Each structure stands twice: as structure tokens, then as C-alpha cells.
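Below, chains carry the letters A, B, ... as their sequence lines are ordered, and counting in each starts from 1. Only heavy atoms go into these numbers, but all of them, side chains included; no hydrogens, no water, no symmetry mates. Owing to the predicted nature of the structure, the values given are computational and were not obtained by experimental measurement.
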Number of protein chains: 2
Amino acid sequence: MTARTSSETARDIPEATVARLPVYLRALTTLSEQGTSTCSSEELAVAAGVNSAKLRKDLSYLGSYGTRGVGYDVEYLRYQIAREIGVTQDWPVVIVGIGNLGQALANYSGFRSRGFRTVALLDADPARRDEVVAGLVVRPFADLEQIVHDHAVAIGVIATPAVAAQDVADRMVACGITSILNFAPTVISVPDQVDVRKVDLSIELQILAYHEQRKTQGAPSQEVGA
Amino acid sequence: MTARTSSETARDIPEATVARLPVYLRALTTLSEQGTSTCSSEELAVAAGVNSAKLRKDLSYLGSYGTRGVGYDVEYLRYQIAREIGVTQDWPVVIVGIGNLGQALANYSGFRSRGFRTVALLDADPARRDEVVAGLVVRPFADLEQIVHDHAVAIGVIATPAVAAQDVADRMVACGITSILNFAPTVISVPDQVDVRKVDLSIELQILAYHEQRKTQGAPSQEVGA
DNA sequence: AGGAGTTTGTGAACGGGAGAACAAAACGGA
DNA sequence: TCCGTTTTGTTCTCCCGTTCACAAACTCCT
Ligand SMILES: NC(=O)c1ccc[n+]([C@@H]2O[C@H](COP(=O)([O-])OP(=O)(O)OC[C@H]3O[C@@H](n4cnc5c(N)ncnc54)[C@H](O)[C@@H]3O)[C@@H](O)[C@H]2O)c1
Ligand SMILES: NC(=O)c1ccc[n+]([C@@H]2O[C@H](COP(=O)([O-])OP(=O)(O)OC[C@H]3O[C@@H](n4cnc5c(N)ncnc54)[C@H](O)[C@@H]3O)[C@@H](O)[C@H]2O)c1
């Protein structure tokens, strides 16, 4: 947005590309596990589900990591992308709201393997206090500041009901968290320097429903009363 | 894309707009619950977290539902958007993979209230069989075809491990499902007429990590060994 | 060593979406 | 009835992202 300090290695990677880098990273990990040591942009593009020209252009923002006539070294490229994204080391994460979704997130092993470490689970409900989820004790929300400070947490996950989301976000920001992943179906407002990404499952379903309705041109009639 | 049959109300709504309509719908529902009967594009835009010009342009694709000098009737607009998206009636949905995430989804009440009804929970694991989650019995994956047929299911949710996702998708498509919401971190390929949307929480976190790394310019050093 | 074949990196054309800006429309008050 | 005020619907311009197409670069084979 604002002109970045052009010093350092501050290459400016388009947002659309940033969103695809994790997909490439995953595809490369899969290829690597299958024993592939080299791959062409075409192969990787298929594995990632994108156009190969787009893939090449995306990678070109990082640098020239391929060899013409040969392709890319899987391990090398994987590392370069991981480094660019910043997942070569662990990011400490706190999850707030340990209900249905929060527990599923806490139990998910995929975060750990992708560079994220859940350092604390917080919930406002005293009844949840001291419960153990995924090897971590659920702690009172008031502990947030202490935890963020102790573990240098920069990323927070909100899995509370929508009504509580703005308040939780405000407190996170006050504690110094600068990146928020919000699962609550509500718009939360934060200062400019804080990044918020939202995941709204209902919206995804509604988008599918829209297209579905289009396919069956007008009337998904008969199953209504079924 | 291709010239649609201009008969019927087949207006062509841009994909970016379709993705925002559910957000407007949610904002309108909130306004309605607060007792607001009329709102301007500016008010609604704030509630939805978008630019008011963009909001007006989006709504203009649906028709002229506002009144100049006045604004929009909240209830009326809410209904029009719901109708356009196709959530004025219930869409039956099946969830496959009743693990951590699948259970959370099954227990989530927000789907029901937004036009989606979970009609079946399927899992390949015999140990999960007959378990009751959210009032529904977990059934064997083999029952998929029967269920899809009986309830005229068009939308399927995949919450299995990544390795099983493609197979589950293939079977869903074979049964006649034409819209898939995929939570497994893998690319699945389906015929053209089938819509797939993916939700990948790890990717979201990685995008946050990228920007986070940028903010702290190079070195999120000290917390590594903490 | 040289030429044929392969694949990357990128310039350029294209399409779609975002936002500013404004004219048209509705309302209210005099 | 007429004018000022408000707010929508839409046009216009700009920017970002996608895709095509190709020259540059590298390998391998003869
Ligand atoms: N469960 C799902 O599959 C699903 C799907 C889509 C969206 N969501 C959204 O995710 C959020 C969580 O869903 P859920 O099903 O886990 O809900 P839930 O009610 O099971 O859990 C919410 C948890 O948040 C805690 N909480 C409430 N206020 C809090 C506060 N101020 N500070 C800290 N903790 C607080 C509650 O004690 C509870 O444990 C909701 O906003 C929901 O709309 C959930
Ligand atoms: N739990 C999370 O918060 C989370 C977060 C991000 C992504 N995911 C992804 O969502 C998916 C599910 O995650 P989870 O934590 O619930 O995993 P899980 O292992 O708890 O559950 C997976 C379930 O799928 C079932 N299953 C396996 N193969 C199947 C098949 N062929 N047909 C039908 N059912 C089958 C298993 O029996 C199991 O019950 C995974 O792909 C995971 O990567 C989960």
C-alpha cells in the first residue's frame, strides 16, 4: 500500500502470489515425499492446480531458482519458498475460544508441521478452565497478555461466538498481537498495521449454493418438501 | 463466460460480487435484529466492511432495490439477496469424515440458520459407526449414494485426511454431487461442471506469517529459542 | 563443437475489479 | 409547485492479475 522502504530485500510480492506460495509449498512437499528431486513448472503447476505460466511468474518474484531446460530442484525451491513465507521457524500462536471449532483447531497436527506452534488455549468460560485439550490446559482469557509477552506471540486465532469477536480482537491488539485469523462470522475492525484474515464457512457454502442454483436453472424445487 | 441464454433472469453476476453477497446478507440480518428498518449504502458498507461505491455497484447487479434519497429497506433487500444466492430454502448437505473438524462442523448451528441442513454424517472408520454426533448417527461411507439420492443432495463437505480426499470427491461426483467444500489440504480434480471451494487454514496462517515477517523486517529472531 | 530439443523467465496484451465522481431520482419544506 | 438535500445507480478511469508467446539459457546427443 504505502511505499515501503526500498532498503533491504524488500521485494514487493503481489498479494495474489503470496496466497499461492503456500499451495506451491505443499505441492513441493508432496513431490519430495514421493521421491521426486526435480520438476518442471508444468508438473508443479498441475500438482498445485494452477496455470504453469502463472506459476513461473509467481516464482520469478522470489528470484531465479530454476534452470532452463531442466526445471526446479524440489528441495531447494521448497526451502526458498518456506524462507520467503517465513515458515522456516515456528510461529507461536494462541487460540481464543475453545468450543467445537477451537478444540478441533487445537487438535490439528497440520499446523505444527507447517511452522506454527499453539502455545496457549484461552476461554472466558470458567467451566472450561483446567480442561486439557491437545495436551494444553485451557486458561482464562485474562492470561492473554502474560502469554503473548512470555512467548512473543504475534498471531492470534479467534474461535469465539461472533458477539465476542470484536472484544477479543481489541484485547489481542492491545497485547501486541499483529496478525489475526478470525473464524467468527462478523467483521472486526483493527488498526491499519494489524492484519486480519477471516475464514467463514457459511459464506463458502453460500457461494456454492449460488452456483448450484444457477446450474439447476431457477428451481431446486422438489427436494424442499422431501 | 459463454453467452448465457438471455431468457429467464440469467443476469451475470461477477464472481467477486457473489463472494460478497453473503457478507451483505449477514450485515443486513444484524441490522434487522437491531431493529433497523432502513439503511443507506454507506451504513451497510460500514457494517459489511467494504467501500460504499463497491456495495452499490454489487447491489446494482441484482436490480434496483434502493430508493434514491432514502436508502434500502433492510428486510426487502435481505430477502432479495437471499433469493439471489439461493438460501431462501434449505440445501441438504452431507459431511464426509467425522473427525475433529467434521464433528465441529456437524455441531455448528450456524449452517442451519443460513439455509443449510446437514442430512448425513459419513465416515469410513467402522469404529466411528453408530456414534451419534449432533443428533445424527454416523453412517458408513458406502451409504453415500443412497443418501444423495434420497435427499437430493447437491452439496458435499470433505473433512477427511488429504490422502482420502480425491477418492471421496470422485465418489461424490459419481453420486451426482455437483458442489464440494474441501477442507483437506490437497488439490482435488473434478469435472468442469462441478464446483469446488477449498478452505485451508494452514494457508491462511502462512499468509499471515508472510506479512508478519515483513513487519518485523527480517528477524523474528528472539522467540525461536524461547 | 555444434545443433536439436527443452524449459525458464519475462514482455506485452487483455480482462476484470476497485474506486472516484456525477447525473438522475426521490423526498421534504416552503 | 419549486428548490435544496440526500442518496442511489452508473460511467469512467486506473490498477492488478492472468495468460500468451517468445527469446534466452541450459542439456544432451551426435
Ligand atoms: N463449529 C464450526 O464448525 C464453525 C463453523 C463455522 C463458523 N464457526 C464460528 O466459529 C466460532 C466458534 O464456533 P464454535 O462452534 O466453536 O462455538 P462454541 O460455542 O462451541 O465455542 C465458543 C467458545 O468461545 C468461548 N467464549 C465466548 N466468549 C468468549 C470470550 N469473550 N473470550 C474467550 N472465549 C469466549 C466460549 O466459552 C466457548 O467455549 C463461532 O463464531 C462460529 O460462528 C464455527
Ligand atoms: N482439525 C482441524 O482443525 C483442521 C484444520 C485444518 C485442516 N484440517 C483438515 O481437515 C481434514 C480433517 O481433519 P481432522 O482433524 O478432522 O482429521 P481426523 O483424522 O480427526 O478425522 C478424519 C476422519 O476422516 C475419516 N476418514 C478417513 N478416510 C476416509 C474415507 N476415505 N472416507 C470417509 N471417511 C474417511 C477418518 O475415519 C476420520 O474420522 C484433514 O484433511 C485436515 O488436514 C483440519
Side-chain angles (χ1 to χ4, degrees), chain A residues 1-4 11-24 27-28 31 36-74 76-78 80-81 84 187 192 207 210-211, chain B residues 1-4 11-24 27-28 31 36-74 76-78 80-81 84 207 210-211:
Chain A
M1 235 20 89
T2 55
R4 311 204 173 232
R11 267 175 298 246
D12 210 18
I13 300 183
E15 196 53 35
T17 297
V18 171
R20 281 188 295 266
L21 290 180
V23 179
Y24 303 153
L28 286 166
L31 286 173
T36 311
S37 63
T38 295
C39 71
S40 68
S41 64
E42 184 59 35
E43 289 174 84
L44 184 54
V46 168
V50 301
N51 180 293
S52 68
K54 180 156 48 176
L55 170 77
R56 287 199 300 278
K57 178 157 283 192
D58 284 342
L59 295 183
S60 76
Y61 291 115
L62 312 192
S64 269
Y65 295 136
T67 308
R68 297 176 189 218
V70 178
Y72 301 91
D73 181 282
V74 172
Y76 182 61
L77 184 58
R78 201 188 60 76
Q80 292 301 336
I81 294 178
E84 189 70 39
V187 176
D192 279 349
I207 295 171
Y210 170 81
H211 293 295
Chain B
M1 245 8 98
T2 55
R4 313 208 172 225
R11 268 175 295 245
D12 209 20
I13 300 183
E15 196 53 36
T17 297
V18 171
R20 281 188 295 267
L21 290 180
V23 179
Y24 303 154
L28 286 166
L31 285 173
T36 311
S37 63
T38 296
C39 71
S40 68
S41 64
E42 184 58 34
E43 290 173 85
L44 184 53
V46 169
V50 301
N51 179 293
S52 68
K54 182 157 46 176
L55 170 76
R56 288 198 301 276
K57 183 178 284 193
D58 284 342
L59 295 183
S60 76
Y61 291 115
L62 313 191
S64 270
Y65 296 136
T67 308
R68 297 176 190 220
V70 178
Y72 301 90
D73 181 283
V74 173
Y76 182 63
L77 184 58
R78 202 189 60 76
Q80 292 300 336
I81 293 179
E84 189 70 40
I207 294 170
Y210 170 81
H211 292 296

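Counting distance only, with no hydrogens placed and no angle test, the side-chain atoms of B:Lys57 and the base atoms of C:dG19 include a donor-acceptor pair under 3.5 Å.
Checking the phosphate oxygens (OP1, OP2) of C:dT7, no side-chain nitrogen or oxygen of A:Ser41 falls inside 4.0 Å. In terms of phosphate contacts, B:Thr67 brings no side-chain nitrogen or oxygen within less than 4.0 Å of OP1 or OP2 of C:dA26. Close to C:dA20, at under 4.0 Å from its OP1 or OP2, lies a side-chain N or O of B:Asn51. Considering only side-chain N and O atoms, B:Arg20 lies under 4.0 angstrom from the phosphate OP1 or OP2 of C:dA18. Contact between the side-chain N/O atoms of A:Tyr61 and the OP1/OP2 oxygens of D:dC16 is not found at any separation under 4.0 Å.
A:Arg56 CZ to A:Ser40 OG: the interatomic distance, rounded to the nearest 0.5 Å, is 9.0 Å. Taken to the nearest 0.5 Å, the OG1 atom of B:Thr38 stands 10.5 Å off from the CG atom of B:Leu31. Here CG of A:Leu21 is found 6.5 Å from CG of A:Asp58. Values are rounded to the nearest 0.5 Å.
The nucleotide whose nearest atom lies closest to any side-chain atom of A:Arg56 is, among C:dT8, C:dA18, D:dG9, C:dT8. Which of D:dA23, C:dA20, C:dA24 sits closest to the side chain of B:Arg68 comes down to C:dA24. Taking every side-chain heavy atom of B:Ala16 into account, C:dG17 is the closest of C:dA20, C:dG17, C:dA24.
In this structure, A:Leu55 atom CG and C:dT7 atom P are separated by 14 Å, rounded to whole Å. Following rounding to the nearest Å, A:Glu43 (CD) and C:dT6 (P) show an atom-to-atom distance of 14 Å. Here D:dT10 presents its P atom at 19 Å from NZ of B:Lys54, a figure rounded to the nearest Å. Atom OH in A:Tyr72 sits roughly 13 Å away from atom C1' in D:dA25 (whole-Å rounding). B:Asp58 places its CG atom 11 Å from the P atom of C:dG19, with the value rounded to the nearest Å. The interatomic distance linking A:Asp12 (CG) with D:dC16 (C1') rounds to 12 Å, in whole Å. If you measure from atom CG of B:Asp73 to atom P of D:dT8, you get 13 Å, rounded to the nearest angstrom. Here the C1' atom of nucleotide D:dC20 and the CD atom of A:Glu42 are 14 Å apart, to the nearest Å.
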Inset, instruction - May I have the step-by-step check of side-chain contact (heavy atoms from CB on, under 4.5 Å) for B:Arg78 and B:Tyr72, ending in yes or no? - result: CA-CA 10 Å; B:Arg78 202 189 60 76; B:Tyr72 301 90; over 6 Å; no

Inset, instruction - Could you go through the side-chain contact (heavy atoms from CB on, under 4.5 Å) check for A:Val74 and A:Leu44 one step at a time? - result: CA-CA 9 Å; A:Val74 172; A:Leu44 184 54; over 6 Å; no

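Nearest-nucleotide positions on DNA chain D for A:Glu15 and B:Ser40 put B:Ser40 closer to the 5' end.
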